[in-house]
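In what follows, a structure is listed as structure tokens, so that the remarks can point back to it.
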Amino acid sequence: MSQRAQSLLLYTLFLVPAALCWAGERNLRDLHEQHLKARTIVSDPTQLSQTYDFIIAGGGTAGLVLASRLSEDSNHTVLVLEAGDTGDSVISSILVPEYAFTHSLLQTSYDWGYNTLPQPYAGNRALYWPRGKVLGGSSAVNGMYLVRPSHIEYDTWANLMQSQDGGLDADAWSWNGHYPYMKKTETYSPPVPSVQSVINIDYNLDFHGSDGPLHASYPGYVLPVVGDWIPTLQNLGVPEAPDQAGGQTWGSFVATSAINPNNWTRSYSRAAYIDPLPPRSNLDILVNATVTKILFDSNMTATGVQFGIVKGGPVTTINARKEVILAAGAIGSPNILMHSGVGPKDVLTAAGVPVLLDLEGVGQHLQDHISSSLVWQTTAATMGSQYAAGAANGVPNGQSSPFLSFINSATCYANSSILMGSYDNAVSLQQTVLGLLNSSMANFTSQDPGVLEGFKALYLANAQDFLTSSVGQVEFLLFANGDFTPGNQQTISIQFALQHPFSQGRLYITTNDTFDSPSLDPRCLSHIADVTLMRQAVKFARQIAATPPLSTVLGTELSPGPAITADADIDAFVANGIQTEFHPANTLAMLPQNQGGVVDARLKVYGLANVRVIDASIFPVQFAAHMQWPVYSLAEAGAEIIRTYYNGVPDPFDPNGSTGSNNNSTNHNNNGTNTKSGGAPSASAPSVFTSAIALLFAALVVVL
Ligand SMILES: Cc1cc2nc3c(=O)[nH]c(=O)nc-3n(C[C@H](O)[C@H](O)[C@H](O)COP(=O)(O)OP(=O)(O)OC[C@H]3O[C@@H](n4cnc5c(N)ncnc54)[C@H](O)[C@@H]3O)c2cc1C
Ligand SMILES: *[C@@H]1O[C@H](CO)[C@@H](O)[C@H](O)[C@H]1NC(C)=O
Ligand SMILES: *[C@@H]1O[C@H](CO)[C@@H](O)[C@H](O)[C@H]1NC(C)=O
Ligand SMILES: *[C@@H]1O[C@H](CO)[C@@H](O)[C@H](O)[C@H]1NC(C)=O
Ligand SMILES: *[C@@H]1O[C@H](CO)[C@@H](O)[C@H](O)[C@H]1NC(C)=O
Ligand SMILES: *[C@@H]1O[C@H](CO)[C@@H](O)[C@H](O)[C@H]1NC(C)=O
Ligand SMILES: *[C@@H]1O[C@H](CO)[C@@H](O)[C@H](O)[C@H]1NC(C)=O
Ligand SMILES: *[C@@H]1O[C@H](CO)[C@@H](O)[C@H](O)[C@H]1NC(C)=O
Ligand SMILES: *[C@@H]1O[C@H](CO)[C@@H](O)[C@H](O)[C@H]1NC(C)=O
Ligand SMILES: *[C@@H]1O[C@H](CO)[C@@H](O)[C@H](O)[C@H]1NC(C)=O
Ligand SMILES: *[C@@H]1O[C@H](CO)[C@@H](O)[C@H](O)[C@H]1NC(C)=O
Ligand SMILES: *[C@@H]1O[C@H](CO)[C@@H](O)[C@H](O)[C@H]1NC(C)=O
Ligand SMILES: *[C@@H]1O[C@H](CO)[C@@H](O)[C@H](O)[C@H]1NC(C)=O
């Protein structure tokens, strides 16, 4: 999503009348508290064991998938350390889909609330980057879009790893290799008839899972205007995508959402993977616990982690028998790694952190989908107008759980031929991009020869595999939340977000305290191709708005307004308006070691015997997709890699690889010559609020 959000166009302040509190609020909370008691979610560090087989840093999207899957093996003990709270006291903000907009947890203590460094090409603004800080992580606060990356993007990922290991391991990350894990995550439910009659979803059950933990479905109510989306794009020559879960992800469609249609609640990693479990004595989950560093022996074997509760407070050490797994997200995981002494030598030295392993790729390749929107007056019903009508009439629609499950989900991934006006124009842009390779390398945030090789590989993949292919370059989203203040003019927005940026940056630490935010520098819009594509996106969004049937319900363009038509003015609007689409990633990229990669094809950090990273950090490329589905399926695949290894089962992707019959972490001292081993621990030689209350006071309408 993103966004559904886009934006946090914080454009309205409104009072949520207490009377509108959802009647299900109390029941939801009771239910969750019961679940908690059945689970081993603990709040007191003294309840922990001293040693676990696996310690997972971060109980977010990926972290709770891993916790659930790894603890299915009763002979493994698993600990999750999560910096945020349980979320129980704000559970309705998490579970009621529409509350993601109207009672958002963004900018509360459940949000890390990062800010980037001022971005020189984006009006020198520091961009707000929210991340969930709660059990479930960002899956608890996101916009619930569930879309898969395309088969082209997965195959590019696998190709990027072919030069390593003869490509054997890398097949796991191709579309065909990874597809089973995408399906394994989900239970798909088609739309209910009243919704299907509006959106007419072209779904294909063959592409979907039917017994996975995560619910992939649709809201229980849709606004009529959503039904205008696909016909409008068709009238512009952009066909409807077949069910995008099959890997052809371009074109227009109404996306699946992470919604449980049994009770119209958010399906997120905790509700999907943890709450339904029977009690497991081999799984502990500690909240309010911030991992501050990984501890290593002299052979770069992780022996455990330290965590603290508050900045400046005492830290506790817990031992890991087998592995430490980082799942703290694209910002949190590199932060922990660098504070553990693993990262670019100059960064660590400047921050006052002793260097254990100079790993130059850590924190590099930081990318995000940048996003903006155009706003029109509308005569169509919006969530705001429907909600206000509910308030005025006493009870209607406005409180039913199907109604409150509405979230935006009409989307379109447009390729560069569409954006540039023709395929020839797209090829011309590609030539420009290829001609800028050397200059882009010279400008990159690392000049380490290995990392630069990786940058080059990623840049060429982006230019050659994506830029002139059918893969979406820009995502367009219909956003119909409107204005919740009764009587106000209703609006509809079209959001647009760049999917494959050529701009790349980095994140890095500047202090020796893990509680401090790292410096985030994505260098948004630093590459001219990104400026060009965003300019074309503004023009295409206007074409969408001017095309029937959507055009028949839209009035005056309110933002940026009809006066902004010259390219320079559009560019300035984009530069001064972009926000995050909430998809920062790529900071611990899976790439070959000689290309400055951080993890190998088995998700293991190069040079460390038994540390893996399994979260949005490791994707080498950005996808034309929202980020959570790829994270869920990555975590499913990662859990299987780990379990097969430790259970002595042959690795499905590497029949000749070794297994974990040796499960003693202290014996994990080989130096990485066996890079193909199924994740065999092998240190490759390095160069060394209170619930309802939130509903009672004036809330910021965060427009997701
Ligand atoms: C507002 C918003 C809207 C979004 N909308 C969508 C959408 O609609 N669809 C979609 O597909 N994607 C969306 N995304 C993106 C998607 O949710 C994330 O990319 C994805 O969930 C990331 O998963 P993760 O496991 O990498 O990290 P997270 O889910 O963020 O998990 C990381 C966890 O680690 C914890 N942590 C961090 N540091 C430490 C530490 N030192 N010690 C212990 N714990 C730590 C965090 O508190 C967090 O719980 C959105 C994201 C946001 C923030
Ligand atoms: C929602 O329904 C599922 C069954 O599909 C159930 O397991 C879950 O507990 C319910 N959640 C809430 C909050 O009622
Ligand atoms: C986590 O910390 C917060 C803030 O100190 C506190 O209010 C909350 O009760 C803690 N959660 C648990 C489960 O102890
Ligand atoms: C551990 O448990 C898994 C699944 O229960 C099983 O397949 C595996 O053989 C077990 N390993 C050992 C060493 O007992
Ligand atoms: C590190 O590896 C060496 C060589 O294999 C071994 O002799 C030594 O015991 C190991 N040290 C530790 C702490 O495991
Ligand atoms: C880029 O640099 C390489 C070697 O440094 C050179 O061979 C190549 O011609 C350069 N390409 C361009 C487009 O300048
Ligand atoms: C590299 O940086 C220079 C100087 O800032 C700038 O003029 C040039 O456009 C940049 N090149 C690319 C490809 O971004
Ligand atoms: C881009 O999309 C349009 C519309 O579907 C299609 O006609 C065109 O062939 C696509 N371009 C590429 C390169 O796939
Ligand atoms: C961090 O740095 C400060 C000084 O900058 C120093 O006093 C402190 O001891 C350091 N902490 C650690 C854990 O190294
Ligand atoms: C791992 O070692 C422990 C004892 O050290 C043993 O009980 C267990 O069965 C082993 N598991 C595997 C998968 O080898
Ligand atoms: C596994 O090893 C055997 C014998 O060494 C070899 O013939 C076979 O090709 C290998 N398989 C793969 C997938 O590399
Ligand atoms: C694991 O370590 C224990 C003692 O540390 C040792 O007795 C056992 O043989 C080791 N197992 C393997 C498979 O190396
Ligand atoms: C890793 O081990 C291999 C085989 O023992 C050895 O040839 C190589 O020099 C070692 N590499 C490093 C960097 O220690």
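Heads up: numbering here begins at 1 and tracks the sequence. Numbering of ligands and ligand atoms starts at 1, following listing order. When reading the values below, keep in mind they use all heavy atoms of this one structure, side chains included, and skip hydrogens, waters and symmetry mates.
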Q) Salt bridge check: are Arg506 and Asp521 linked by an N-O gap of less than 4.0 Å? A)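 No, Arg506 and Asp521 are not salt-bridged.
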
Q) When you check the gap from the basic side-chain N to the acidic O, do Arg523 and Asp530 get nearer than 4.0 Å? A) no

Q: Please work out which of the three classes, parallel, tilted or perpendicular, describes the rings of His103 and Tyr99, given edges at 30° and 60°.
A: tilted

Which residue holds the protein heavy atom closest to [atom], what is that atom called, and what is the gap in Å?
atom	answer
atom 13 (C) of ligand 6	Gly435 O, 4.1 Å
atom 12 (C) of ligand 6	Asn438 ND2, 3.3 Å
atom 6 (C) of ligand 9	Asn512 ND2, 4.1 Å
atom 14 (O) of ligand 3	Ser43 CB, 3.3 Å

Q: Under 4.0 Å from a heavy atom of Asn288: give me the atoms of ligand 3 that qualify, with their elements.
A: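 Taking each heavy atom of Asn288 in turn, ligand 3 has 1 (C), 2 (O), 3 (C), 8 (C), 10 (C), 11 (N), 12 (C), 14 (O) under 4.0 Å.
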
Q.
Tell me whether atom 2 (O) of ligand 3 lies less than 4.0 Å from at least one protein heavy-atom position.
A.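 Neighbour list for atom 2 (O) of ligand 3 includes protein heavy atoms (cut-off 4.0 Å).
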
Q) With a 4.0 Å cut-off, strictly under, does atom 9 (O) of ligand 6 pick up any protein heavy atom? A)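 There is no protein heavy atom less than 4.0 Å from atom 9 (O) of ligand 6.
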
**Q.** Point-to-point distance, once rounded to the nearest 0.5 Å, from CG of Leu64 to CZ of Arg69
**A.**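 Rounded to the nearest 0.5 Å, the CG-CZ separation comes out at 12.5 Å.
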
(Q) Has Gln622 got a side-chain atom pairing as donor or acceptor with His500's backbone, closer than 3.5 angstrom? (A) no

Q) Any idea which of Val287, Asp85, Thr86, Val310 brings a heavy atom closest to atom 7 (O) of ligand 3? A)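 The option holding the nearest heavy atom is Asp85.
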
**Q.** Minimum-distance pair of heavy atoms, taken over all atoms of Ile614 and Ala327
**A.** O-CB, 3.6 Å

